[in-house]
Amino acid sequence: MYSNMLVNCSNCRIPLQLPPGAGSIRCAICHAVTLIGDPRALPSQPPASHHTHPPPSPYNHAPSGPPPNPHGSKKAVIVGISYRFSRHELKGCINDAKCMKYLLINKFSFPESSIIMLTEEEDPHGPKFPSKHNIRMAMYWLAQGCQPGDSLVFHYSGHGSQQRNYSGDEADGYDETLCPLDFETQGMIVDDEINAALVRPIPHGAKLHALIDSCHSGTVLDLPFLCRMKRTGQYAWEDHRPRSGVWKGSNGGEVICFSGCDDNQTSADTSALSKITSTGAMTFCFIQAIEGGHGATYGSILTAMRNAIRNVGGGGGGGDVVTSLITMLVTGGSVSAGGLRQEPQLTACEAFDVYRKPFSL
């Protein structure tokens, strides 16, 4: 009889669902313990609506606060990892994260309070440092309690890799992975987990856009369909559903991923595009396509991104830096790039001509 009873966290005031007869409850967001007197003395609450706080993530933890509204219509997680002071160091990933946050806030009206950033500029002991544990928790937070009408974005700029798959659900025999800052000791985040955390919970009427700027990222969300584009501009959808029959799609929602390259390719951070400082090629080209007026459809964005990268690879310039992007770039170290040999990819839960569908976040 107490299953619908709610109490507010004594610290962050988030509504918490009270288990029957409980004398106290711990908040999954701020971890504060709220003491309850006699649960029978509490007024019965109406059934939870879609605006109530969702149950805690499977790991009983989410990035701490003040937490973004868990049911905001627009939510985003942005990860940028430079691996500084290591042999894996990248130069443009934190720039990518800042640029993407700027784009989401200023172009697509995402509330700043509903964007979680994980970069090395955060507290090394805090929940927003890009460790494997914190990235996992941020992914679960993003999809947690997703409702029809919600728009979610997951952006990752950093190293990606592959590892041998033994379950038979990968067409090429390899799982694609993301490399958190502590991947050498804690391991990588495998596409199966990314799919389970970000893709499968998305319900009908909600949408998730992922932008993955890393090596071997073509099918890193394990989405069932991939758009293969020829240099002539012709495209076709490939069926990447696993032979095992395991469903890797969403719970009825729309999930679309722009990735930096095919599964067998590598991505690059470069100064050849911005002319000022290093950025991930895929992130820069995506933002440039949006700011340059090529964001009408998913196909027009993909075409503009590919053309920009080919122009640099062929010796042409990357074009003028768009005004809103240049304000976010921090002049710093850069790497030279004689040519970029990566092909941005588009993957989706459904192949129903996403290519021609109007783009919106």
Side-chain angles (χ1 to χ4, degrees), residues 50 54-59 62 68 70-79 104 108 110 114 116 135-156 160 165 167 169-171 175-178 189-212 217-228 237-259 263 286 297-299 301-302 344-361:
H50 69 275
S57 72
Y59 291 90
H71 282 292
S73 60
K74 292 177 181 281
K75 294 168 61 180
V77 167
I78 299 174
V79 182
L104 292 180
F108 296 105
F110 275 63
S114 291
I116 287 181
I135 295 174
R136 274 176 159 178
M137 295 308 100
M139 289 194 300
Y140 279 104
W141 170 85
L142 183 61
Q144 188 180 64
C146 181
Q147 300 290 334
D150 286 356
S151 177
L152 313 179
V153 170
F154 178 73
H155 176 265
Y156 173 89
N165 170 267
S167 65
D169 65 353
E170 292 284 347
D175 284 316
E176 284 64 52
T177 63
L178 301 181
I189 302 176
V190 182
D191 52 12
D192 298 293
E193 180 179 359
I194 300 168
N195 181 272
L198 290 180
V199 177
R200 278 180 263 179
I202 306 301
H204 180 75
K207 55 187 174 182
L208 165 72
H209 288 86
L211 298 103
I212 311 296
S217 55
T219 64
V220 74
L221 261 66
D222 261 1
L223 295 177
F225 301 98
L226 181 145
C227 182
R228 183 78 65 185
W237 287 93
E238 296 179 357
D239 189 340
H240 280 246
R241 286 175 292 186
R243 290 169 291 179
S244 64
V246 174
W247 174 242
K248 292 299 187 77
S250 70
N251 191 27
E254 182 179 328
V255 181
I256 297 173
C257 176
F258 287 95
S259 50
D263 284 342
F286 176 82
T297 66
Y298 291 93
I301 296 173
L302 186 62
Q345 300 287 344
L346 181 68
T347 50
C349 270
E350 302 288 346
F352 59 90
D353 218 0
V354 170
Y355 187 87
R356 296 183 186 276
K357 183 175 181 176
F359 169 79
S360 66
L361 290 183

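Worth knowing before you read on, the calculation uses all heavy atoms, side chains too, and leaves out hydrogens, waters and symmetry mates.
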Going by side-chain contact (heavy atoms from CB on, under 4.5 Å), Ile194 matches just one of Ile135, Leu221, Val199. Which one? Leu221
Could you check Phe225 against Asp239 for side-chain contact (heavy atoms from CB on, under 4.5 Å), going step by step and ending with a plain yes or no? CA-CA 5 Å; Phe225 301 98; Asp239 189 340; 3.9 Å; yes
NE2 (His209) and SG (Cys257) are apart, to the nearest 0.5 Å, by 10.5 Å
Lys74 side chain to Leu104 backbone, donor-acceptor under 3.5 Å: no
Is the shortest side-chain heavy-atom distance between Ile256 and Phe359 below 4.5 Å? no
Once you round to the nearest 0.5 Å, how far does CG of Leu346 lie from OG of Ser259? 8.0 Å
With Glu238 via side chain to side chain donor-acceptor pair (under 3.5 Å) - residues at least two apart: Arg228, His240
Ignoring hydrogens and angles, tell me if any N or O in the side chain of Lys75 forms a donor-acceptor pair with the backbone of Asp150 under 3.5 Å. no
So that I can tick it off, tell me whether Lys357 and Glu254 are bridged by a salt bridge, with the cut-off set at under 4.0 angstrom between side-chain N and carboxylate O. yes
Looking at CG of Leu198 and CG of Leu223, how far apart are the two atoms once the value is rounded to the nearest 0.5 Å? 10.0 Å
Minimal non-hydrogen separation, Val255 against Ser250, with atom names: CG2-CB, 3.9 Å
Quick one: CD1 on Ile78 to CZ on Phe154, what's the gap to the nearest 0.5 Å? 10.5 Å
Is the shortest side-chain heavy-atom distance between Ile116 and Leu142 below 4.5 Å? no
Closest heavy-atom contact between Ala76 and Trp141? O-CZ3, 3.9 Å
Can you measure from CD1 (Ile202) to SG (Cys146) and round to the nearest 0.5 angstrom? 4.5 Å
To the nearest 0.5 angstrom, please state how far the CD1 atom of Ile212 sits from the CZ atom of Phe258. 12.0 Å
Considering only heavy atoms from C-beta outward, does the side chain of Tyr140 approach that of Pro201 to under 4.5 Å? no
On a heavy-atom basis, which atom in Tyr298 and which in Pro358 lie closest, and how many Å separate them? CE1-O, 3.5 Å
Asn195 side-chain N/O to Lys248 backbone N/O, donor-acceptor pair under 3.5 Å: yes
Does Arg356 reach the side chain of Thr297, with side-chain heavy atoms less than 4.5 Å apart? no
Do you know the tightest heavy-atom contact between Leu152 and Ala143? CD1-CA, 4.1 Å
